[in-house]
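Below you'll find the structure I mean.
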Amino acid sequence: EEAVGEKDIDRLDDFREDKNAFNQNMVDIDYLIQKGEEILAHPGFDMAFGMSRRALLGGNTNISGGTDATGLISTFKDNEFMEMIGRMREQSESGGAVGQVSEKEGERFENMLGDLRFETSEEQGRANLERIVRELTRSKDLYRLGMEGTYPELSESEDLFIEGYSAAL
C-alpha cells in the first residue's frame with residue numbers, strides 16, 4: 001500500500017502539471033481576447049463581410065482597410081485560434097482538471113469559428129466575433145472552476161491564479 005506522503009507528492013505533481021496547463025490557457029485566452037477586441041475596433045472590420053466584401057473583391061478601391069481587416073480575421077481564425085485549440089486537444093489527452101475543460105471548450109470554439117464567415121452580413125460578422133470574445137472570457141471562468149474543484153486544498157495555498165500567470169503577461 002502506498003504511503004500517504006507519496007500520494008500527497010503525486011497529487012502535488014498532478015497539480016503542478018495542471019497548473020502549467022492552466023497558466024498557458026490563461027495566456028492564450030487573454031491574447032485571443034485582446035486580438036478579437038483589436039479586430040472589432042479595426043476601421044475596416046465591417047468591410048470584410050457581406051456586401052462590402054463583395055465590393056472589395058470586385059476591385060472597388062474606394063473601400064480602405066477592408067483587405068487589412070480580412071487578413072487580420074483570417075490570421076485570427078485560421079492560425080492563432082487553431083493553435084490554441086490544438087494545445088487544448090493536447091491537454092485533454094493528458095486528462096486532469098484542465099484537460100477535461102479543454103476538450104469541451106475546443107469543440108465549442110471550433111463551432112463558433114465556423115460561424116465567423118466573410119459571406120455573412122456585417123452585423124452578423126460583428127455579432128459572431130463579439131460572441132467569441134465573450135465566450136473566451138467565460139472559458140477563463142470554467143478553467144478556474146475546474147482547478148478549484150479538482151484541487152480545493154491547493155488552490156489558495158499555491159496562489160494558483162497569480163503565480164506564473166501574471167509573470168507570463
Side-chain angles (χ1 to χ4, degrees), residues 18-150 160-161 164-166 168-169:
D18 276 348
K19 179 180 172 184
N20 288 336
F22 170 86
N23 287 338
Q24 180 62 55
N25 282 341
M26 292 297 105
V27 170
D28 285 346
I29 291 170
D30 280 341
Y31 174 79
L32 290 174
I33 288 170
Q34 178 186 351
K35 291 304 273 187
E37 289 172 346
E38 287 174 10
I39 293 168
L40 285 165
H42 190 282
F45 178 84
D46 289 338
M47 293 172 208
F49 294 93
M51 295 301 288
S52 296
R53 176 158 173 82
R54 285 192 273 288
L56 183 68
L57 293 174
N60 185 342
T61 55
N62 294 328
I63 301 175
S64 63
T67 53
D68 184 38
T70 300
L72 291 172
I73 294 164
S74 293
T75 300
F76 175 80
K77 181 178 172 179
D78 300 332
N79 296 58
E80 297 165 335
F81 220 108
M82 293 310 292
E83 286 175 18
M84 183 190 83
I85 289 173
R87 282 190 292 275
M88 285 179 165
R89 282 212 171 98
E90 289 171 14
Q91 292 164 3
S92 70
E93 291 172 7
S94 65
V98 176
Q100 294 166 9
V101 176
S102 293
E103 186 174 345
K104 293 174 189 167
E105 291 301 281
E107 291 173 17
R108 278 178 6 88
F109 283 118
E110 279 185 328
N111 291 334
M112 282 187 265
L113 285 175
D115 292 339
L116 187 61
R117 296 184 322 269
F118 294 117
E119 298 80 27
T120 62
S121 69
E122 294 90 342
E123 295 81 17
Q124 191 60 48
R126 181 169 296 282
N128 287 337
L129 187 52
E130 286 172 345
R131 181 174 149 231
I132 289 170
V133 169
R134 229 179 9 260
E135 291 299 314
L136 283 164
T137 302
R138 183 181 158 278
S139 286
K140 288 174 66 173
D141 294 336
L142 289 176
Y143 280 112
R144 281 190 190 98
L145 290 171
M147 287 298 287
E148 289 172 349
T150 304
L160 169 66
F161 304 117
Y165 175 56
S166 296
L169 292 178

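This one's a predicted model, so the numbers in the text were calculated from it and none came from an experiment. Throughout, numbering of the chain's residues begins at 1 and tracks the sequence.
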- Query: Is any side-chain N of the basic residue among Asp141 and Arg138 closer than 4.0 Å to the acidic one's carboxylate O?
  - Reply: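 Arg138 and Asp141: not salt-bridged.
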- Task: Evaluate side chain to side chain contact (heavy atoms under 4.5 Å, CB included) for Met47 paired with Thr70, printing each intermediate quantity in order.
- Result: CA-CA 8 Å; Met47 293 172 208; Thr70 300; over 6 Å; no
- Message: Under a plain distance cut-off of 3.5 Å, with no hydrogens placed, do Asn111 and Glu107 share a side-chain donor-acceptor pair?
- Response: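 No pair is found: no donor N or O on one side chain lies under 3.5 Å from an acceptor on the other.
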- Message: Distance check, rounded to the nearest 0.5 Å: Leu129 atom CG versus Lys35 atom NZ?
- Response: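 If we round to the nearest 0.5 Å, Leu129:CG and Lys35:NZ are 12.0 Å apart.
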- Could you walk me through whether Met147 and Tyr143 pass the side chain to side chain contact (heavy atoms under 4.5 Å, CB included) test, one step at a time? CA-CA 6 Å; Met147 287 298 287; Tyr143 280 112; 5.8 Å; no
- Item | Atom pair CZ/CG of Arg108 and Leu136 - distance to nearest 0.5 Å |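 Between atom CZ of Arg108 and atom CG of Leu136 there are 9.0 Å.
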- Task: Mind running side chain to side chain donor-acceptor pair (under 3.5 Å) on Asn128 and Gln124 for me, showing each step along the way?
- Result: CA-CA 6 Å; Asn128 287 337; Gln124 191 60 48; 3.0 Å; yes
- Message: Using modelled atom types and a 3.5 Å cut-off, is there a donor and acceptor pairing between side-chain atoms of Thr120 and backbone atoms of Leu116?
- Response: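 Not confirmed, Thr120 side chain does not pair with Leu116 backbone.
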- Message: Please report the interatomic distance CZ(Arg144) to CE(Met26), rounded to the nearest 0.5 Å.
- Response: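 CE of Met26 is found 6.0 Å from CZ of Arg144.
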- Taking the side chain as every heavy atom from C-beta outward, state whether Met82 and Leu113 have any pair of such atoms under 4.5 Å apart.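 In short, these two side chains touch, coming nearer than 4.5 Å.
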- Mark yes or no for whether Asp28, through its side chain, and Met84, through its backbone, hold a donor-acceptor pair below 3.5 Å.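 Flag not set: sc Asp28 to bb Met84 has no pair under 3.5 Å.
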- Task: Taking salt bridge (charged side-chain N to carboxylate O under 4.0 Å, His left out) as the test, write out the residues that go with Arg134, two or more places apart.
- Result: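 By the salt bridge (charged side-chain N to carboxylate O under 4.0 Å, His left out) rule, Arg134 matches no residue at all.
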- Heavy-atom distance under 4.5 Å between the side chains of Asp115 and Arg131, does that happen here?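 In short, these two side chains touch, coming nearer than 4.5 Å.
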- Of the options Leu145, Asn25, Ile29, which is the one that meets Lys140 in a side-chain contact (heavy atoms from CB on, under 4.5 Å)?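 Answer after filtering Leu145, Asn25, Ile29: Ile29.
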- If you measure from CZ on Phe45 to CD1 on Ile39, what distance do you get to the nearest 0.5 Å?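 If we round to the nearest 0.5 Å, Phe45:CZ and Ile39:CD1 are 8.0 Å apart.
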- Distance, nearest 0.5 Å, that separates CD1 of Ile132 from OG of Ser139: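 With rounding to 0.5 Å, CD1 (Ile132) is 11.5 Å from OG (Ser139).
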- Item | Non-hydrogen atoms of Ser121 and Phe49 that approach each other most closely |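 In this case the closest contact between Ser121 and Phe49 is O-CB, 3.7 Å.
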- Item | Rounded distance (nearest 0.5 Å) linking atom CG of Leu72 with atom CD of Glu80 |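 CD of Glu80 is found 8.5 Å from CG of Leu72.
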- Item | Under 3.5 Å: donor-acceptor pair, side chain of Arg126, backbone of Leu40 |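 Answer holds: yes.
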- Task: Give me the ring orientation class for Phe76 and Phe81: parallel if the planes are under 30° apart, tilted from 30 to 60°, perpendicular past 60°.
- Result: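 Phe76 and Phe81: perpendicular rings.
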